[in-house]
Amino acid sequence: MSIVQGTTGPWEMVIGLEVHAQVTSEAKLFSGASAAFGGAPNAHVSLVDAAFPGMLPVINGTCVEQAVRTGLGLKAQINLTSVFDRKNYFYADLPSGYQISQYLQPIVGKGEILLDLADGSTRTVGITRLHLEQDAGKSMHDQSPTETYVDLNRSGVALMEIVSEPDMRSGEEAAAYLKKLRAILRYLGTCDGNMEEGSMRADVNLSMRRVGDPKLGTRCEIKNVNSIRFVMQAIEYEAQRQVEILESGGTVHQETRLWDTGKGVTRSMRSKEEAHDYRYFPDPDLLPLKLDPAMVEKIKATLPELPDEKRARFIRDFGLKAYDASVLVAERASADFYEKVAKGRDGKLAANWVTGELFGALNRLGKGIESSPVSAEALGSLIDLIADATISNRIAKDVFEAMIETGKPASAIVEEKGLRQVTDTGAIEAAIDQILAANADKVAEYRSGKDKLFGFFVGQVMKATGGKANPAMLNDLLGKKLKG
Ligand code: ADP
Ligand code: MG
């Protein structure tokens, strides 16, 4: 929970999110036009999307299946009957004058999402509902100084609106929710979760209440925030703004606000519209949507293993810490990569290499795991060389860097550079003797109680062996020799 300290006492944030997720499908929700992102303006527009008179919507079965799949992934109730309604409003990018949406009877009801928090703990956030609706077109204000252009490519593309309960208590929890939801959608293949392209956008609802007050305060809704970082920034700003109003004896007005990325503030956009402003009514062109229970069962049977289950399995089978497991399952590609590395090897060691060295290198290179210069097999072979004591963990890091740079296999680099670990007792002993002889004064100090010098001797012997002495053997032999 994130507390805002006011001058009259502490306040608690209450946050609920509405996420618009674009359904992954070839065609739009009620027409056969392409739902692909981009394209020349108005290249993906059928007569239905442009709302020509007499055109009738025909439901796209794939979009319905995707909504059901998503509902099942959110452990939610699937409603076998749902209804499409017209939500009426006037806007230049909405040629029909109404959006086809679902209002009182959505396709998916209550579900839940488990948040993975930074301290390794989890928290459940309720899902209120998921409904299907059409996206609107796009008004373009930057093409001409005097006119606004309209691009209808997005008009009619299928969206899932996923509404959460007001269960979140901090910006971090809102971020964890969005990350988890995005991961689930990507695992399911129902939305690509790409926030920059707008295929996932969040409306943030936030109110404040005094700590301990069970009643909810009045909320503001910040519309269409398009990155997780902006969601967190908008929450911080808006919480402060509301507390200042409340503490000075004012009231928060329920309204729709915008996040101004340039100025870092939220701005009032319009007073909150009520449902009755939209004159919702069932679309007379569409029958109620009835699902065959067998179809739902079939989709259930083909669901992939989802992040929570995968995480639990990684903890159970590979002995991972909760946090490491969460990091690995956040993207399906990382989880798959990790599993290939860990198979038949020490799972924890594999996790350290993937989340540590590999993710570090990919970050530096600005690459995703799909285009990693070191394959899972190649990283596995490197770990094998550590396990069979051919090289130490320390040397392995240098070998890894060389693998990233050259793309060569670990064994070739070890041979080429002569990095094989020295495990020959005689050779290590000889190096130790030499260092002790050259540092007789320090040996005397050590023996008179200056224990810290042990690390100095280890360092010197390592240096003398080019870092290749087996660390465990070195420690052991050095200890014995120093005892005298
Ligand atoms: P609308 O459709 O008018 O935006 P909803 O009832 O669907 O209204 O709620 C929208 C979102 O607002 C939901 O995510 C819900 O959790 C959240 N919400 C509702 N009341 C509050 C509140 N007092 N403080 C914060 N969030 C709230
Ligand atoms: Mg809303």
Side-chain angles (χ1 to χ4, degrees), residues 1-4 11-21 74 76 79 82-83 85-89 98-113 115 123-134 136 159-178 180-181 200-225 231-232 234-243 245-246 251-259 266 268-280:
M1 181 185 357
S2 165
I3 302 290
V4 176
W11 297 80
E12 180 186 43
M13 299 181 185
V14 174
I15 302 163
L17 296 175
E18 292 164 89
V19 170
H20 286 93
L74 298 174
N79 295 326
S82 64
V83 172
D85 298 283
R86 289 188 181 178
K87 180 180 181 180
N88 298 279
Y89 64 92
Y98 59 85
Q99 175 192 32
I100 306 180
S101 181
Q102 298 190 304
Y103 180 50
L104 295 176
Q105 289 179 262
I107 186 164
V108 175
K110 286 198 181 306
E112 62 182 43
I113 283 190
L115 306 191
R123 199 173 130 73
T124 306
V125 170
I127 298 291
T128 315
R129 58 189 270 147
L130 175 156
H131 67 251
L132 275 170
E133 63 183 26
Q134 305 173 294
L159 298 178
M160 297 179 281
E161 179 168 333
I162 303 164
V163 182
S164 87
E165 292 290 308
D167 286 347
M168 286 157 275
R169 298 289 175 266
S170 66
E172 288 72 30
E173 289 186 5
Y177 173 88
L178 290 170
K180 190 55 166 292
L181 175 59
M200 188 172 138
R201 334 191 264 272
D203 299 345
V204 180
N205 292 271
L206 177 116
S207 65
M208 301 300 294
R209 64 180 172 189
R210 288 200 186 272
V211 170
D213 187 346
K215 276 207 318 289
L216 294 181
T218 304
R219 71 186 147 113
C220 286
E221 177 175 7
I222 310 158
K223 275 268 177 214
N224 279 334
V225 189
V231 165
M232 293 179 76
I235 287 172
E236 286 307 314
Y237 177 87
E238 181 63 15
Q240 211 65 50
R241 188 188 73 86
Q242 290 186 14
V243 164
I245 294 174
L246 294 166
T251 44
V252 172
H253 297 290
Q254 189 168 333
E255 64 181 354
T256 303
R257 300 179 69 84
L258 279 182
W259 172 242
T266 62
S268 179
M269 189 170 138
R270 54 176 187 243
S271 66
K272 173 80 187 157
E273 49 304 284
E274 302 283 339
H276 63 247
D277 294 331
Y278 289 120
R279 304 286 190 272
Y280 276 104

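Throughout, numbering of the chain's residues begins at 1 and tracks the sequence. Just so you know, ligand 1 is whichever comes first in the structure, and atom 1 is the first atom listed for that ligand. Bear in mind that the values here come from a model prediction, so they are computed numbers and not experimental data.
- Proximity to Ser164 (heavy-atom distance under 4.0 Å) selects the following atoms of ligand 1: 13 (C), 14 (O), 15 (C), 16 (O).
- In the model, His20 has a side-chain atom that pairs as donor or acceptor with a side-chain atom of Glu133 under 3.5 Å.
- Applying the 4.0 Å criterion to heavy atoms of Glu165 picks out, from ligand 1, the atoms 16 (O).
- Across Met168, Arg219, Met13, heavy-atom proximity to atom 21 (C) of ligand 1 is greatest for Arg219.
- Annotation for Asp167 and Glu173: closest pair O-OE1, 4.1 Å, computed over non-hydrogen atoms.
- Salt-bridge annotation for Glu221 and Arg257: absent, with no side-chain N of the basic residue lying under 4.0 Å from a carboxylate O of the acidic one.
- Looking at ligand 1, you won't find any N or O of Thr218 less than 3.5 Å from one of its N or O atoms.
- Checked by atom type, the side-chain pair Asn88/Arg279 shows no donor-acceptor distance below 3.5 Å.
- Using a 4.0 Å cut-off between heavy atoms, Leu17 contacts ligand 1 through its backbone alone, with no side-chain atom that close.
- Of all heavy-atom pairs between Ile222 and Leu258, the closest is CG2-C, 4.0 Å.
- Contact atoms of ligand 1 toward Pro166: 16 (O), 26 (N), 27 (C) (distance under 4.0 Å to a heavy atom of the residue).
- Heavy-atom contacts of Leu216 reach the following atoms of ligand 1: 23 (N) (cutoff under 4.0 Å).
- Applying the 4.0 Å criterion to heavy atoms of Gly217 picks out, from ligand 1, the atoms 23 (N).
- Scored by the side chain to side chain contact (heavy atoms under 4.5 Å, CB included) test, Val108 finds Ala76, Ile78, Leu130 as partners (sequence neighbours excluded).
- Interface atoms of ligand 1 facing Val163, defined by a heavy-atom separation under 4.0 Å, are 13 (C), 14 (O).
- Compare Val252, Val125, Asn205 by their heavy atoms: the one nearest to atom 17 (C) of ligand 1 is in Asn205.
- With respect to the salt-bridge test (charged N to carboxylate O, under 4.0 angstrom), the residues Glu165 and Lys110 qualify.
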